[in-house]
Amino acid sequence: MFYLTTAIDYANGDPHLGHALEKIGADAIARYHRLRGEDVHFLIGMDEHGQKVSQAAGAEGETPQRLVDRVAEHFQAMWERLAISNDQFIRTTAPEHRAGVQALIQRIFEREPDDFYQKAYAGWYCVGCEAFKTESEIENGRCVLHPTRTLEWVEERNWFFRLSRYGDFLRAHFADHPSFLGPESRRNEILALLDQGLEDISASRARLGWGIPFPRPTADGEPQTTYVWFDALPNYLTATGFPDPAFASRWPAQLHVVGKDITRFHCVIWPAMLRAAGLPLPARVWAHGFVTLAGGERFSKSAGVRVELAEAVERYGPDAFRYFMLREVPFDGDGAFSWERFDERYTADLANAFGNLASRAIAMVERYCGGEVPPGRPNAVDAADAADYERYRSAMDGERGYLLHEALASVWQTVRRGNEYVDRQAPWKLAKDPARRGELEEVLATLVRQLARQAVHLGPFMPTRAEELWRQLGGPGSVHAQRIGAQGGPLDPTGWRVVRGDPLFPKPTAAPPSPAWAAGEP
RNA sequence: GGCAGGGUAGCUCAGCUGGUUAGAGCACGGCACUCAUAAUGCCGGGGUCGCGGGUUCGAGUCCCGCCCCUGCUACCA
């Protein structure tokens, strides 16, 4: 069982490029593991509690539940549009999640009663925000967001979780499991954090309205609401059905895909919570970077201008968008989005290099072989491709981390090789000489073998276009049903009947998007 | 401030434990070809390898100093 998750998205706005990058990347990983024949469970979801949600709802004159219902629909519609293949979609407002969170807390109370304790929390409280403010949120003694209001010094009693106890455990776990957190730079940051020592964290709040009731009241009798850490992070666990004993058939997760900004929560707080509950830890956490907007172009954050996700997806369709994001933004760091780069990549990589290679190969099989792929044996081209696919594999399976951009680059090495091979062999010349029929057939068979491999390996990245190529090649069944790795023998397309179709990636006809950028929130 | 990682062709980057004329892709110029979405292949122009010292027969690659950029330095989900 390969159980992987993405961070649950906070339901206070619609999905943007950043959300999409994470889901697309995780989807490629999930689909890759399915190609390897593994039993995959892929979880995505929404984080729907908290002050900001209830405030946003209040501002729009509706209930928090109605707001999150609407936002969740927007997210799910987008993931469907992007062909995200999640097996499950969890929402923290679901009754099952609520029950799971409370069960987890109870379990910690039972196993490690000393890990929860009550303490008066004191701090500057902003009535406008309905929340306590930290130093960084206070300027001149006033809340940055509500400078007209006066901050109140408020004390309330709530539950704390003894995170400080788990520093040694976490250090040891990191030492024993070098690949627990990647990439390396994030790992080093967390190790530095652990060396500083940990402080305890809030587990409940009294003034929090929109959330899961904390299972135990405090001594002053005030009902408590579960604070974010114990509400949001356990979604990965509650999604398995916990505390139903069957949860163990899926837990622990093999991989949490998260943004680099929340690695700390996933690599310190979450493991400590699980440890306290006596539950196994996830095998790995991968922290991806962010999509930035290219400076010096038409877009800039300072101008309050941003790229609309829907517009980017519609530009060349979901598959091309997925390709661009995962090729251009290294999955272990940041990368910029710009329409110019998007157009360049689309034209050079997808339309010219790859789409056209498929077009010319399929056209020649039709013209010279009546559409039936001639027999052929693996040759030097296959051997060279194999080396590229070995790099693809090591970039995808976590061996060196999750370097999706490198995997794509490896496939494009084979595309480059294919174009070079066609020109060198010049099958259109061979076709004019009946004596060279054998050579012609070998060349065309080689090309189709290459394309078939490319279709299979690009399936995780461009599921729809890969399937369309597979269909045009005359491959059996679905490209996504193919298996690579140990169980998969070399593909042999002999006898397939190719079907010329529309270009996989038609050349752009329209000019780049007009300056219709929307002035949004910065 | 502290810790960490970076500054290499117009753009995005590769250059492992120091060693022949510093590489790739895109973009740009020329040539070739015609199967193909006027696509592709080949050749080429283009870089004081952030700045200044030092070690060495020899440094983008090591050492010192400086400049600039990014991330982290815990209750925002």
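What you see is a predicted model, and the numbers here were worked out from it, not measured in a lab. The chains referred to below are lettered A, B, ... by the order of the sequence lines, with proteins before strands, and numbering in each begins at 1. Every heavy atom of this structure was used, including side-chain atoms; hydrogens, water molecules and symmetry mates were not.
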For [N] and [M], measure between their [atom1] atoms and round to the nearest Å.
| N | M | atom1 | result |
| --- | --- | --- | --- |
| B/C11 | B/G47 | C1' | 14 Å |
| B/G25 | B/A14 | P | 16 Å |
| B/U48 | B/U37 | P | 43 Å |
| B/G10 | B/G46 | P | 12 Å |
| B/G54 | B/C68 | C1' | 23 Å |

Counting just side-chain N and O atoms, does [X] come under 4.0 Å of either OP1 or OP2 of [N]?
| X | N | result |
| --- | --- | --- |
| A/Arg327 | B/C26 | no |
| A/Arg186 | B/A4 | no |
| A/Asn419 | B/A39 | no |
| A/Arg416 | B/C26 | yes |

What's the closest nucleotide to the side chain of [X] if the choices are [options]?
| X | options | result |
| --- | --- | --- |
| A/Met364 | B/C26, B/C35, B/C72 | B/C35 |
| A/Glu420 | B/C26, B/A77, B/G41 | B/G41 |
| A/Trp428 | B/U37, B/C33, B/A74 | B/C33 |
| A/Ala348 | B/A39, B/C26, B/A74 | B/C26 |
| A/Pro503 | B/C35, B/U37, B/G25 | B/U37 |
| A/Glu344 | B/C26, B/C72, B/C35 | B/C26 |
| A/Arg341 | B/U12, B/A77, B/C35 | B/U12 |
| A/Tyr10 | B/U37, B/C72, B/A77 | B/A77 |
| A/Lys507 | B/A39, B/C26, B/C72 | B/A39 |
| A/Arg205 | B/C35, B/C75, B/C26 | B/C75 |

Would you kindly say whether [X] and [Y] are connected by a side-chain donor-acceptor distance under 3.5 Å?
| X | Y | result |
| --- | --- | --- |
| A/Glu189 | A/Thr263 | no |
| A/Asp385 | A/Gln450 | yes |
| A/Thr218 | A/Gln224 | yes |

Aromatic A/Phe324 / basic A/Arg345 pairing, under 6.0 angstrom, 45° off normal
no
Taking any heavy-atom pair under 4.0 Å as a contact, classify [X]: base, sugar-phosphate, or nothing.
| X | result |
| --- | --- |
| A/Gly355 | base |
| A/Gln196 | sugar-phosphate |
| A/Leu357 | nothing |
| A/Arg345 | nothing |
| A/Tyr227 | base |
| A/Leu198 | base |
| A/Asn158 | nothing |
| A/Trp412 | nothing |
| A/Ile8 | nothing |
| A/Ala351 | base |
| A/Ile262 | base |
| A/Gly197 | base |
| A/Ser185 | nothing |

Watson-Crick or G-U counterpart of [N], or none if no pair lies under 3.5 Å:
| N | result |
| --- | --- |
| B/A77 | none |
| B/A32 | B/U40 |
| B/U20 | none |
| B/U48 | none |
| B/U70 | B/A4 |
| B/C11 | B/G25 |

With a 6.0 Å cut-off on ring centres, are [X] and [Y] close enough?
| X | Y | answer |
| --- | --- | --- |
| A/His288 | A/Phe331 | yes |
| A/Phe230 | A/Phe161 | yes |
| A/Trp412 | A/Tyr323 | yes |

Considering only heavy atoms and no angle criterion, is a donor-acceptor pair shorter than 3.5 Å present between the side chain of A/Asn356 and the base of B/A36?
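Answer is yes: a donor-acceptor pair is held.
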I need the [atom1]-[atom2] distance between [X] and [N], as an integer number of Å.
| X | N | atom1 | atom2 | answer |
| --- | --- | --- | --- | --- |
| A/Phe324 | B/C26 | CZ | P | 15 Å |
| A/Leu233 | B/A77 | CG | C1' | 10 Å |
| A/Lys260 | B/G71 | NZ | C1' | 6 Å |
| A/Leu163 | B/C75 | CG | P | 12 Å |
| A/Asp334 | B/U12 | CG | P | 13 Å |
| A/Leu504 | B/A39 | CG | C1' | 14 Å |
| A/Asp195 | B/G2 | CG | P | 18 Å |
| A/Arg417 | B/A24 | CZ | C1' | 14 Å |

Do A/Tyr389 and A/Arg391 have side chains that approach each other closer than 4.5 Å (heavy atoms only, starting at C-beta)?
no
With heavy-atom distances below 4.5 Å as the criterion, would you say the side chains of A/Trp270 and A/Tyr236 are in contact?
yes
Check this for me: does any side-chain nitrogen of one of A/Arg471 and A/Glu468 sit under 4.0 Å from a carboxylate oxygen of the other?
yes
